[in-house]
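Scroll down for the structure; my scribbles are underneath it.
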There are 2 protein chains.
Amino acid sequence: MTWRIDWRASFGVLGTILTYLALTMLVPLMVSVVYMEDIWVFILSIIITVFIGLGLKRLDPDPDLGPQEALLLVSLAWIAAPIVGTIPFLLAGIGTDSTIGLQTGSFNALTTSVVNALFESTSGFTTTGATVLGDISLEQHSHAVLMWRQLTQWLGGMGIIVLMIAILPEVAVNGAELMRSEAPGPELQKLTPKIAETARALWIIYFGFTVLLVVILYGLHVAGLALGIELAPNMNLYNAVAHAFTTLPTGGFSPKADSIAAFSAIVQWVIIPFMVIAGVNFALFWHVIRGEAELLYKNSEFRTYAGLLAALFAVLAFLLFGGAVPKTDPGGVTNGATENALRQAAFQIGSLMNSTGYATADFAEWAEGGTEAQFVLLFAMFVGGSAGSTGGGVKVIRWLVVMKAIRRELYTSARPDVVQPVRLGGDVVDEDAIRGILVFTLLYLALFLFAAVFIMLDSARIGVNLTVLESVSASLATIGNIGPGFGKLGPFGNYLFFSDASKLLMVGLMWFGRLEIVPVLSLFVVGVSDSS
Amino acid sequence: MTWRIDWRASFGVLGTILTYLALTMLVPLMVSVVYMEDIWVFILSIIITVFIGLGLKRLDPDPDLGPQEALLLVSLAWIAAPIVGTIPFLLAGIGTDSTIGLQTGSFNALTTSVVNALFESTSGFTTTGATVLGDISLEQHSHAVLMWRQLTQWLGGMGIIVLMIAILPEVAVNGAELMRSEAPGPELQKLTPKIAETARALWIIYFGFTVLLVVILYGLHVAGLALGIELAPNMNLYNAVAHAFTTLPTGGFSPKADSIAAFSAIVQWVIIPFMVIAGVNFALFWHVIRGEAELLYKNSEFRTYAGLLAALFAVLAFLLFGGAVPKTDPGGVTNGATENALRQAAFQIGSLMNSTGYATADFAEWAEGGTEAQFVLLFAMFVGGSAGSTGGGVKVIRWLVVMKAIRRELYTSARPDVVQPVRLGGDVVDEDAIRGILVFTLLYLALFLFAAVFIMLDSARIGVNLTVLESVSASLATIGNIGPGFGKLGPFGNYLFFSDASKLLMVGLMWFGRLEIVPVLSLFVVGVSDSS
Ligand SMILES: [K+]
Ligand SMILES: [K+]
């Protein structure tokens, strides 16, 4: 066999995608006009991006994508978007102290600033939310640049839902297996007959939730002003839009250095259900809208997701209520403070299980009595969101299949005569899908462990001695698209101190984690095998 | 279905096994006669053991084992032997400071001493080699008691080879899959027609290697005396037998507190090839003896095993030669000391990759420049020995299959039209076997992670703050039957400081790791499923 992928077609479609991406830059451009900021940054960024997009389109004016070309396109799109996404960061930061602005003082300063911008942009488009911003504030960065940072997450979340629900099942590649095995009803692929229609339906749901959150958050602000009470004093329209842009994609970026801890308790309560929603398979909402809400309860991934959320919330609330974490700033819970314990527990679990990464408490600093509570959070981080959601991690459905496969294996090894299929919600799961999921989970764990070791050694090389927990959480927080980790990488820390090499590895981890590894690597493997 | 296992038959055969175990106590009895020590300890132990054995035999005088009864027997045997094995430890230690002697001062002292004895005995029979002896010396313990400690490892190693090569493939249960998939030639099960004959063949090979090692070690000692030079001054007959008893089973117990560091360089060089041999599939030696030595080179697990040993040795030798670990006691390597670097590298890799756990250097204390070297060791610990050897860990063949399955999955996800079987040494591996191996590896990793977290939390509860590396290595060193870990659990440390709860968990881990988990859990799962 020879390597006969039509890469020109993939690059051609990529060009179209980049021109659309240029259009989305009109949002920060508008913001910069409203605030009378660095308008030229976004005008220039749009011109450069359109130029690149049109250039690529010329490679193949009439592209025709097969499954392999589609895979290549997906891999390329999640490389090209973060690269283009650095342009506003780099331009706006010229001549400032911004850690993601272009520095031309020395070769080292130049490469580090470019790596930083790429890290931040990748962290955005992959909805990871890990940051290398030294100073998150409107003094350091313009409203428009921070809005672009938030928008990258919203676009990335959008893209991943459309990819996983509308595109992959149609091109019949891996990832599709997963969707086929646990469809919300058997007709997931017939959700709407064509990719474009499915994508449009998902887009409306995603957009609808975003607008709803903006309306509620800004509504609280306006209502508080009207009634003369403090409901959400600092939740102005900019902040409402910014946080809606980063909640639905389980992104976690915030224009506030204190993240959601900067807002009132009622704002925190409002955001919790939206974080939970962001971790649900968006195809299920389509069925709910069409009046088939019972599919929600019949879906075993959704039931497990809801059950795990509830169980982890209960354990954490119990620990916090018991005074496990009395003093931290922000976010301690005095022994017996009911509302605070419930809110902090619900927020932390809602934020970490589905990989949003927003913070209302500095869990990285929970010491002594808080160790058990930290392990509850670490466990939550390993779970992940649902398939077809914007959440990261291994995903609930994979763990479900892995558990059932283990149980089946144990059963049949004592009773080799018994044939026992693995079932999910009554349906038999295809054996190829099971094997695919087992392989994926192992590969994920292996990459995670390898990266943790690499990050630890590479940090020691530059004189930063990380604890094993810090190294492990750096790896998990990036491959799982979570964002914050423990220790120096806590919810109020940042990733700035890592070497360029570690940052580039983490860029790779975020990308692998978001695309669920397989499409990317599979192209590489096929390429090597076929040419050998 | 109902739970219709004939447990009386399993217990009946267990009774026979225990009476044979009582016979093996004649070895330490002989030792105690020679050294004129506590003879009554072993006489009493033999009487108690025979009594238990005969009692169990009466449950079913004419037992007839099916596959499930055989599985139950295997699980029971590896519980009962460690329990019976505690008798000499407990009796001999009465009225002394021995941490594994029966203490009757208080209820807490009583339970802790019994848990300690069970830990030590389980660590013996599972060939783990983790110790809770506070003081490893002939001042504290008699020659006979220490010889019993060494003998438990030799018996455990013997048992595991017979189980994995002769018994499991015959009763056609899990684990058998593994053997079928990579047989040294297709006729592994026909190695000899019956279990008894296969077992006898394996026994002869195992016994032969043990005698050979005793002869070489003691021969060096005698030759040194005769020639008036220091070849192996302290390798007397007792020490030669003791270390042969713990090398072939990849056990790692030593009557010397300093382990192999107490002996000369030439003794260390002699032990290295025997450790390597202990990690090879013993069925291969049978073929070598019959003149089919080419099977050794054709066997892909053996080739991988040898290749990994060589590669890890080369990397470690390079690091040590470069002065990565200049000062530790014992075992530093001065920059450029060739023989020392080669010996320390070969010994550490030979000892840790196949899970022996002997030490000639205190790698737990390799700080600063030694971090990379420590990671080489940690990686080696994850590999494990070969299937059908006495080595622990996940095993080379499983990693081989996992890697090939990952590669295949990536390939077929980009080319779903291509059917690509996984091959091992030219033969197609059965898909059920692949799935079984994937499930096993995931379950192993999950148990390992769960235990690491439990050990960390439980130790914090009793006021011992472990690092993440210590917790992880405690879990890995016990489930992998390795013995030493890092930090407090280093090759010259011990496991005494853990709580009873953590020790009992580790007893479970050693047992799971040795039986490769599946037979034990599968019975439990079948029991629960069938009765529900
Ligand atoms: K995130
Ligand atoms: K061992």
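The chains referred to below are lettered A, B, ... by the order of the sequence lines, with proteins before strands, and numbering in each begins at 1.
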is_close_aromatic(B:Tyr444, B:Phe440), centroid dist under 6.0 Å: yes
A:Ile406 portion near chain B, given a 4.5 angstrom heavy-atom threshold: both
Atom pair CD (B:Gln374) and CE (B:Met381), whose distance is rounded to the nearest 0.5 Å: 9.5 Å
Separation between CZ of B:Arg435 and CZ of A:Arg435, rounded to the nearest 0.5 Å: 9.5 Å
is_close_aromatic(B:Phe448, B:Phe382), centroid dist under 6.0 Å: yes
Residue part contacting chain A, namely of B:Met403, when any heavy atom lies under 4.5 Å: neither
Contact origin within B:Leu438 toward chain A - heavy atom pairs under 4.5 Å: both
